[in-house]
Structures are given as C-alpha cells and as structure tokens.
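Note sheet for the following structure.
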There are 2 protein chains.
Amino acid sequence: MVTKGRTGQPTLEEVAALAGVGRGTVSRVINNSPRVKDTTRHLVEQAIAQLGYIPNRAARALAGSRSDAVALVIPETEKRFFAEPYFSDIVHGVGDGLADTDLQLLLTLVRTEKERQRFLQYARARRIDGVLLVSLHDSDPLPDLLAGMEMPTVLSGRRSGDESVSYVDSDNVGGARAAVHHLSVSGRRRIATITGPLDMYVAQCRLRGYEEAVRDSPGGPRPAWIAHGDFTEESGRRAMSQLLERHPDLDAVFAASDVMAVGALHTLRAAGRRIPEEVAVVGFDDSPIARHTDPQLTSVRQPVEEMGRTMARVLLASISDGASAWQHVVLRTELVRRASG
Amino acid sequence: MVTKGRTGQPTLEEVAALAGVGRGTVSRVINNSPRVKDTTRHLVEQAIAQLGYIPNRAARALAGSRSDAVALVIPETEKRFFAEPYFSDIVHGVGDGLADTDLQLLLTLVRTEKERQRFLQYARARRIDGVLLVSLHDSDPLPDLLAGMEMPTVLSGRRSGDESVSYVDSDNVGGARAAVHHLSVSGRRRIATITGPLDMYVAQCRLRGYEEAVRDSPGGPRPAWIAHGDFTEESGRRAMSQLLERHPDLDAVFAASDVMAVGALHTLRAAGRRIPEEVAVVGFDDSPIARHTDPQLTSVRQPVEEMGRTMARVLLASISDGASAWQHVVLRTELVRRASG
DNA sequence: CCAACCACTGGGAGCGCTCCCATGCACGCG
DNA sequence: CGCGTGCATGGGAGCGCTCCCAGTGGTTGG
C-alpha cells in the first residue's frame with residue numbers, strides 16, 4: 001500500500017495557532033477574501049511562510065466540493081494529430097495558461113468507447129472543474145453531453161455552426177484564402193486543392209477558403225478542382241493522382257495539411273513534374289516536416305501554442321463566471337513562404 | 001466561483017443503506033478487501049451498480065492520505081523532444097499502462113527553476129503518489145531529491161552509472177552497434193559519427209555503441225571519427241562539415257538522432273556527395289522525418305510507446321511495494337533499413 | 001446613554017471517505 | 001456447558017479544509 005499517515009506537512013490549524021488567529025481567518029487569507037484586516041493578513045502570511053504551509057488539495061476539494069483540476073481530452077481517433085507537434089504545442093500552451101492557477105492539468109486520452117464512458121463518469125462526478133477538447137469530429141456528442149451537465153468546456157477547432165459553446169480556433173478560412181491568393185498572384189491559373197475529411201470543421205473551413213479565393217481570384221472566377229483526402233500522407237498521394245488524371249494541366253495545389261502536401265509532392269515527382277516550376281504546392285499547419293521536404297514547403301502557420309494558452313484563459317473565465325456566456329476566439333494565421341510555391 | 005453543493009452523486013453512506021450494510025463493509029468491497037462474505041459483496045455490488053456510485057476521489061485522498069495521482073514530469077529544457085513524436089508516444093504508453101488503475105496522470109512541465117521548485121513542493125506535500133521522469137540530463141538533481149523524500153520514481157533514459165533508481169530504457173548501445181555494424185557489413189570502411197550532447201546518457205550510450213562496433217568491425221579495428229552535436233539539425237550540419245573537412249574520404253555517417261542526420265544530409269548534398277552511393281547515412285529514433293527525407297533515412301527504432309507502458313507498470317509496482325527494490329528494464333531496439341544506407 | 005450597525009473574527013458543522021476498534025456470532029475444545 | 005478463537009461486520013473518530021453563523025468590539029446616531 002501507499003505510505004500512510006502524517007506527511008509532516010503543516011495544517012491550517014497549525015498556521016492559525018502560530019499566527020494567533022482562528023482557522024477561518026487563515027482560510028480567508030489563503031482564499032484572498034477581502035474581509036481580513038491588513039495587519040492580520042500580514043501576520044498570517046508570515047506564519048504561512050515560516051511553516052512552509054501548503055494547503056491540502058484533497059481537503060480543499062472535499063470541503064469546497066470542487067476538484068481543482070481540468071481535463072485536456074484527446075480523442076485518439078485522430079492519430080495524425082500526434083504525428084505533428086500540434087499536440088505538444090497545445091499542451092505547452094495550456095500548461096502555460098494554467099501556470100499561475102492552482103488547477104491541475106489532467107491528460108485524458110479517449111481512445112475507445114469504454115474510455116469515453118469513463119471520462120463522462122468522471123465529469124459527472126465533478127472530479128474536474130472544466131474540460132478542454134481538441135481535435136473533435138463534427139459528429140462527436142461530447143460537447144453536448146458536457147453542456148448538459150453544465151461543465152465548463154472549451155473546444156479548439158469548433159464544429160460547424162455550433163455557437164453555443166466556447167471555442168478557440170485559428171482562422172482556417174482566411175489562411176486557406178491567403179494561400180490560394182498567394183498562388184494566384186504569383187501567376188498560377190489552374191489551382192487544385194486536396195481537402196481534409198469533410199466531417200471535420202477545419203477541413204470544411206480550409207475548403208471554403210480555397211473556394212472563396214478561387215472565386216474571387218484576379219482575372220475572374222475559375223473552376224474549383226477538388227480532391228478529397230483524410231489528412232494522411234497516403235491520402236495526399238491518392239488525391240494528387242486523381243487530380244493529375246482529371247486535370248493534367250494544373251499548375252498549383254493547395255493541400256489542407258502539410259502531411260498531405262508531402263504525399264502530393266511524392267506523387268508529383270513520380271509523375272515527373274518539377275516543383276515549383278511546373279506545379280506549385282502549398283500546405284497547411286507549418287509543421288516541422290515542411291522544412292524537411294525538397295523543396296521546402298510553403299505553408300500556413302497557425303499559432304498552436306497560443307491557442308492552448310487562450311483555451312486555458314477562456315476556460316478559467318467560464319469556470320469562475322459560471323458559464324454565463326460563450327466566448328469565441330479566432331486567432332490569425334500566417335502564410336510562411338518557402339520554395340515549393 | 002465554482003458550482004457548490006451536492007452534485008447529486010450517491011455516497012458510500014447511501015450505498016450502504018440500500019445494501020442494508022454498514023459503511024465499513026461497502027468500503028471494504030470497493031477496496032477489494034478479502035474480509036467480506038461473498039453474499040454480502042454481491043449485495044453491495046448490486047447497490048453500487050443500481051445507484052451508479054462513483055467513489056469521491058477527494059474524500060478518498062483525504063481520508064487515506066494519498067493522492068491517487070502520478071506526475072509525468074517533462075523538463076522543458078529539451079524542446080527537441082517535442083519536435084519528435086517521442087513525447088506523445090510516451091504519454092500514450094503511460095496512459096495505456098495506467099488505464100485500468102484509478103491513478104490520474106498529471107502533466108507537469110518543468111521549464112523554469114520556479115516551476116521546478118513548485119513541483120518539488122507538490123511532491124513534498126504528497127500531492128502525487130509517484131513520478132515519471134523523461135528526458136533527463138545527467139546533472140539533474142531531481143531524481144536524488146525525489147529519492148530523498150521517498151517518492152516512487154521511474155526514469156526513462158537513465159543517467160550514467162546510477163543504479164539506485166528505477167528506470168526504463170531502450171538499448172541505445174545495442175542499437176548504435178547494430179547501425180554501425182550494418183554499415184560495416186555493407187562494405188563501408190570509413191564510418192564517422194555525430195554524437196548527441198554527451199551530458200546525456202543516451203548520447204553517451206549511442207557513442208559507446210558506435211565505438212564498440214567500430215572496434216570490433218570485420219576486417220579489424222578502425223579509427224573512431226567523432227564529431228559532436230546537440231541533437232539539433234543545425235548541429236548536425238555543423239558536425240558534418242567538420243567531419244568532411246577532417247576526413248574527406250569518409251563513406252558513412254552514423255548520427256545519434258534522425259534530426260541531426262537530416263542536417264548531415266543537407267551538408268552532404270551541399271558538398272556534392274551522393275547518398276547512399278558515396279556516403280551512407282544512418283540515424284537514430286526512427287522518427288517520422290526519417291520517411292520524409294530524400295533518400296529515406298535508415299534509422300534505429302526504439303519502442304517509445306512500449307517504454308511509456310513499461311514505465312507505468314514499474315511505477316505502479318514500486319508504489320505498492322513501498323520502493324523496496326529498483327527495477328531496470330531495457331527494451332530492444334531495431335534497425336529500420338531504408339534508402340540512405 | 002443606549003440601540004443599531006458595522007467590519008472583523010472564531011470556531012462548529014460538515015464534506016465522503018478510510019482506519020480501526022468494538023461487537024456479534026458460530027464454532028470447537030476442555 | 002463454559003470459554004476462548006476467529007471471521008464478518010457496524011460505526012466512531014478523524015483526515016484538513018470551507019462554509020457560515022454567532023459573536024466581539026468599536027462606531028454612529030437618536
């Protein structure tokens with residue numbers, strides 16, 4: 001078994017005794033209640049420092065019926081997100097945003113239906129004060145279930161049309177538009193796209209950006225040449241093959257992710273096309289592989305760590321506000337120009 | 001503030017009432033104590049199922065003076081580890097290994113001295129039952145400090161010579177030896193290496209493997225051609241330049257990480273060497289970029305997710321055994337042959 | 001001069017569990 | 001038949017905190 005008994009940690013009671021005040025007062029000082037005289041506060045703070053007192057989290061949680069923890073839920077259906085540093089960036093950002101609170105960050109992998117049920121039980125039992133959800137599919141019922149139990153929740157990468165939830169997102173439409181516009185102004189006239197899985201909002205947005213840019217392109221609207229992928233490299237290859245077959249004269253491709261762009265590069269090279277001379281390629285995400293392809297990949301950068309930080313901030317707000325309002329934050333994306341297009 | 005008051009969750013007391021037994025008995029059932037009659041146990045289990053009872057973690061932690069949580073500590077000094085999927089694989093493995101326990105996984109980023117102090121306080125206050133440490137430098141005092149407070153700890157990537165701690169590691173020496181041996185038997189005679197930062201045990205091990213393989217190589221011992229890097233791509237470039245200058249006739253390079261190997265590839269290509277015809281290149285880690293280089297990179301794979309799983313297992317054991325023994329697990333590595341050498 | 005009011009403060013009553021001692025009961029032995 | 005012995009069980013006593021109510025002492029106004 002686990003080591004039992006006193007850990008030698010000082011308690012509230014001991015701090016109170018040393019400071020010559022009551023338990024309640026010390027509690028008030030710790031929780032920043034304004035109803036404490038300044039002189040008393042100093043006294044207590046001194047005692048806390050002297051004893052090296054650290055509040056017992058379990059006791060606080062029990063007495064206050066909260067948990068001092070938030071969960072970062074990762075639906076493991078999307079392995080691809082891990083092949084990119086997306087995940088660790090998010091974690092860093094969130095960690096950063098939570099750094100000067102007392103909230104613990106719980107990592108919750110939801111890979112199977114069983115794990116999902118287990119997580120929901122956790123949530124229902126209020127073992128967590130809030131939830132951060134990343135990489136969600138449109139069809140995922142998690143947000144609604146969490147809303148149903150009045151659990152503060154923040155999504156990254158919202159779902160289509162659903163505004164009754166807080167989310168932090170990057171400007172996928174704008175990013176895609178910028179990418180295609182860039183291709184357009186650099187003289188490309190026959191621009192195709194490889195989409196992500198269209199049951200994901202990000203994929204829909206990037207497609208929309210492409211379509212808007214193609215429609216509004218200098219020199220009048222042009223047809224949209226679309227092939228579908230699922231964010232994997234293999235799907236990028238396949239989609240590129242389809243595109244080459246249908247439109248052998250294409251001179252540019254916008255892929256909705258770098259990983260698919262890499263697949264497209266391979267197919268293009270195998271087909272003997274020179275990049276970027278004959279075909280320009282632009283990706284999305286600006287993941288590290290973008291710098292390791294040959295030629296290096298032009299891509300749309302999203303501020304992932306910043307997104308994590310913002311998610312934490314929004315969640316903190318909705319925990320303390322009691323979810324009185326939804327917050328939607330959309331962060332700017334940026335085109336990073338490299339050699340591929 | 002957070003929602004207060006009853007969460008509607010049933011309590012031990014209520015389960016006991018429904019089952020017609022006492023609190024103690026229900027507690028015993030939940031904790032798998034053998035001192036309960038089977039008929040009673042069934043009764044209680046039924047009541048638990050009927051009410052959908054979930055034990056209150058905070059109350060358990062408080063009453064039992066433990067915390068039901070383990071920390072995965074990531075010293076953020078090594079950003080590079082995140083550029084590879086190492087981190088997410090570890091997290092997955094650990095999550096997996098913890099899946100059917102009640103332990104929470106706390107993600108703890110230790111980026112600054114302040115965060116380090118804060119983490120130590122947590123540990124000292126027994127807010128965690130155990131610690132998993134990854135990506136440690138030799139000089140890091142964390143393991144000793146944790147040992148000093150009798151905190152169960154498992155490292156991944158041990159430190160040099162220190163056996164008085166549990167660790168899970170992959171066979172870096174063997175992997176490096178295999179890589180170099182492979183170069184050797186495929187006819188390479190002038191094999192250089194680019195090391196990692198030698199204050200890290202993994203880097204030392206990979207260098208040792210190289211040296212052993214070079215010494216024992218078919219056709220008699222050969223000189224060791226060594227340049228030092230720090231696991232970054234830039235350092236790989238630089239080290240490769242040095243090597244080319246010192247040994248223009250080299251015909252193979254073993255880089256202690258894929259990222260450095262990528263740097264080496266760039267330098268070699270810039271110097272006009274054909275790969276693998278003139279110079280063979282082998283990396284380490286088998287990270288995704290290994291498949292995105294041109295030519296694709298031969299590399300040594302370590303079972304990272306398996307390492308995470310094993311770390312969890314070892315930690316669980318040492319939590320329940322009260323750290324009576326150190327466990328050392330070394331997992332096999334595997335050479336993945338691709339086009340580069 | 002007393003009532004009314006205020007800003008602070010002390011400490012009782014739990015939160016839901018685990019630990020552990022006391023109790024009850026059935027059994028077996030002298 | 002009386003008394004240990006041992007297992008199964010009930011429930012008291014906290015764990016360290018927060019919440020909240022009942023003071024305490026000082027101030028103001030009638």
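The sequence lines fix the lettering, A, B, ..., with proteins before strands; numbering per chain opens at 1. Predicted, not measured: the structure shown is a model, and the values here were computed from it. Below, all heavy atoms of this structure are taken into account, side chains as well, without hydrogens, waters or symmetry copies.
Here C:dG14 presents its C1' atom at 11 Å from CZ of A:Arg23, a figure rounded to the nearest Å. Between the CD1 atom of B:Ile30 and the P atom of C:dC17 there is a distance of 7 Å, given to the nearest Å. Rounded to whole angstrom, the span from the CZ atom of B:Arg66 across to the P atom of C:dT18 amounts to 7 Å. Between B:Asn31 atom CG and C:dG16 atom P there is a gap of 17 Å when expressed in whole angstrom units. One can place CD of B:Glu13 at 13 Å from C1' of C:dG14, the figure rounded to the nearest angstrom. Look at CZ on B:Arg57: it is 12 Å from P on C:dT18, rounded to the nearest Å.
Side chains of B:Glu113 and B:Gln117: a donor-acceptor N/O pair is present below 3.5 angstrom, by distance only. Checking B:Gln46 against B:Gln50 by side-chain atom types alone, no donor-acceptor pair falls below 3.5 Å. For the 3.5 Å distance criterion, the side chains of B:Asn31 and B:Arg60 qualify, holding a donor opposite an acceptor.
Dashed line: the shortest gap from a side-chain N or O of A:Thr25 to OP1 or OP2 of C:dG10 is under 4.0 Å. Close to D:dC15, at under 4.0 Å from its OP1 or OP2, lies no side-chain N or O of A:Asn56.
In this structure, B:Val134 and B:Phe87 have side chains that are not in contact, with every pair of non-hydrogen atoms separated by 4.5 Å or more.
For D:dG10, its base sits under 3.5 Å from the side chain of B:Arg28 at one donor and acceptor pair at least. Evaluation of atom-type donor-acceptor distances gives no pair under 3.5 Å for the side chain of B:Arg35 against the base of D:dT9.
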